[in-house]
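Each remark here refers to the structure printed beneath this line.
Side chains are part of it too, since the values below use all heavy atoms of this structure and drop only hydrogens, waters and symmetry mates. Proteins come first, then strands; the chains are lettered A, B, ... in the order of their sequence lines, and each starts at number 1.
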There are 2 protein chains.
Amino acid sequence: MEKKISIKDIAKIVGVSPSLVSMVLNGKAKQYRIGEEVAKRVKETAEEMHYVPNMVAKSLRSGKTQLIGLIVTDISNPFYSAIARIVEDRASELNYTVLISSTDENLKNTERLVEVLLNKGVEGLILVPCDGSKKLVRKLQESHFPTVLLDRYFPDVELSSSCLDNYRAAEMATEHLLSQGYRNISLVAYNTKMQNILDRISGYEDRMKIAGLSAYIHVRKVNILNSKPDIRKALEELIHKEQIDGLIFLTNMLATNGLYCLNEMDVKIPRDVAVVGFNGSDAFDLFYAPITYIKQPVEQIAKEAIDILIKQINKINYTTKLFLEPELIIQQSSRRNP
Amino acid sequence: MEKKISIKDIAKIVGVSPSLVSMVLNGKAKQYRIGEEVAKRVKETAEEMHYVPNMVAKSLRSGKTQLIGLIVTDISNPFYSAIARIVEDRASELNYTVLISSTDENLKNTERLVEVLLNKGVEGLILVPCDGSKKLVRKLQESHFPTVLLDRYFPDVELSSSCLDNYRAAEMATEHLLSQGYRNISLVAYNTKMQNILDRISGYEDRMKIAGLSAYIHVRKVNILNSKPDIRKALEELIHKEQIDGLIFLTNMLATNGLYCLNEMDVKIPRDVAVVGFNGSDAFDLFYAPITYIKQPVEQIAKEAIDILIKQINKINYTTKLFLEPELIIQQSSRRNP
DNA sequence: CAACAATGCTAAAACGATTTAGCAAACAGA
DNA sequence: TCTGTTTGCTAAATCGTTTTAGCATTGTTG
């Protein structure tokens, strides 16, 4: 790249003041009563010299960075990279740039990243809050810094959020298995206090109770990190001791790891146990018995998050908690007679 | 967030000049012979007032943005999101921020995104160049703007790149199938002039020739976008007309879509045909016959890319083309007697 | 004690843009 | 012709920081 052309350089060439050049190049020629002839020459010269405005200087002057932060748990997780892609595209349309960070579900990391992004001058934050981050989130809310929670929320913090209707999703999964004639349906969840997971658990439990199957309610909670051994243990208990006939995995990771374990255990789906997962994947679809799953409206979740955020940045100050509609994709893993 | 504290505010409180505050806060107290007593008071006051430096002003003054651009084809593609994660982490360590964009394998998009990122003031670029982007890449090279190509390269452009040793990878895949006794091995590739794909094709062809199996060389090329119908057609020809016994898919997407087609066609792996893919995935591992694949050293590719880039930004001006070692993960899909 | 060095600090310019105040010149109205 | 308005432009301040030049004051040396 050749050395940068500034507004001064253009001014010198055309023989006018830098201010005039700025006015013209910002389309305010009329407003500031610049002569048409001069305006034209300025524009042409800027073009010829390949002038590109210095965004940093613009930012300093205006106090706006046009930056927003997206903090997820892990950008290499397909769910969040799908989100990132959509946020990125939408932000770009709205003339914003996205800074992405990953917390690995760790509170300290989350706190640090919020700090770092604020230091970098982001004007707003889309945050996937990790377990235990309520205090941090509350502080954000109290500071009135534009923030939207994504995928997860806190019922008692008045902060905008864009999430799946988790309760309804688990209800749908449970209903479906019930409708297929399964009764002894159990749940594999994370060991967490995060509301999205708690909602899913409630959806399942309530549906089981309504069906008069309280006795069959089994919720197994596994560690969110390095969950494979926990899952294996839970599945062995459920299958061999509890004799379950249906399994709902509350996240994609749980389901994927669960499938590995079931394979190792030589448990056949759906012959030995019916399975419903969360979030689709090629692994689900290519499985010998394609897995029935809850499909999240990923695009909508992402779009709403950023649209709400931009509104907040523009001082249209309101708070919405969105609970978006899940969809059940029925495949072979949950069919009674495949 | 409370209103921003500037260096001037601190200066006023302590009763010194802004310059002194700046010097102290940048750890240059000694260098500029600031009194220890004063320095201490400045630091304490800054702490108390929760001073955070304004990065935009710093950038303007220094001409450094500490920004780098990462342009991939699609951040929601697992391979690239894995790359992004590593680049992000490494950049963060080095005090850089990453701006990520997706081109969708489209030249116009790529050109636009390079422009946009340069305008945003990135100091360097990590680029996955799409088909037909040689001219653009050459222009980048000629401008001497710090740039590193990732995953793909151009043999006749002197620009640093961090890629898999694609030739070797295809060789390994072919060798392996040959060693298992397969002979009529064919290839499914993209219809592209991108060198990484051409290298893979050569690796396969050369290995087949060495084995005296030139007659069995079949390379089918499918469209890079919306490839499913092409793949289906290619596979039907290969399986039913050419009677092949081995299949190498040159990318993860080709393999994944290929597996869907093979399932639809009721072709059993490896009984009817042995399969080798590129880049692992849960879908490969959970497949009824887990898929043998070429594993890329993703971490190394990403780390090298950013390390080379940072060196270039710091004027350590050299060009390296890296071809990193693949690894073959052998699973059931390519075993003669499973 | 004169000359000079070291110490501890400040003022001012600069980075590149935007915006406000205001100055001349041309023009209009009475 | 005098007053007032419009037109077309410029100078200067500003955003928050860093850096250079330099000014007092004190200390050291011959």
Mind checking if Val56(A) touches a base, just sugar-phosphate, or nothing, with heavy atoms under 4.0 Å? nothing
For Met23(B) and Ala57(B), take the nucleotide of DNA chain C holding the closest heavy atom to each; which residue's nucleotide lies nearer the 5' end? Met23(B)
Counting any heavy atom closer than 4.0 Å, what does Ser6(B) reach on the DNA or RNA strands: base, sugar-phosphate only, or nothing? sugar-phosphate
Of dT17(D), dC9(C), dT19(C), the nucleotide closest to the side chain of Asn54(B) is dT17(D)
So, Thr97(A) versus Lys120(B): side-chain donor-acceptor pair below 3.5 Å or not? yes
Side-chain donor or acceptor of Ser19(A) under 3.5 Å from a matching atom on the base of dA11(D)? yes
Assess the side chains of Asp151(A) and Tyr80(A): does a donor N or O sit below 3.5 Å from an acceptor N or O? yes
For Lys64(B), answer base if it contacts any base atom (sugar-phosphate contacts may also be present), sugar-phosphate if it contacts only those atoms, and nothing otherwise; contact means non-hydrogen atoms under 4.0 Å. nothing
From the candidates dT19(D), dT10(C), dG8(D), the one with an atom nearest any side-chain atom of Ser17(B) is dT10(C)
Please classify the nucleic acid contact of Val16(A) as base, sugar-phosphate, or nothing, using heavy-atom distances under 4.0 Å. sugar-phosphate
Contact between Pro297(A) and Leu164(A) at the side-chain level, heavy atoms closer than 4.5 Å - yes or no? yes
When you match Leu60(B) and Tyr32(B) each to their closest nucleotide on DNA chain C, which lands nearer the 5' end? Tyr32(B)
Ignoring hydrogens and angles, state whether a donor on the side chain of Ser102(B) or Glu88(A) is under 3.5 Å from an acceptor on the partner side chain. no
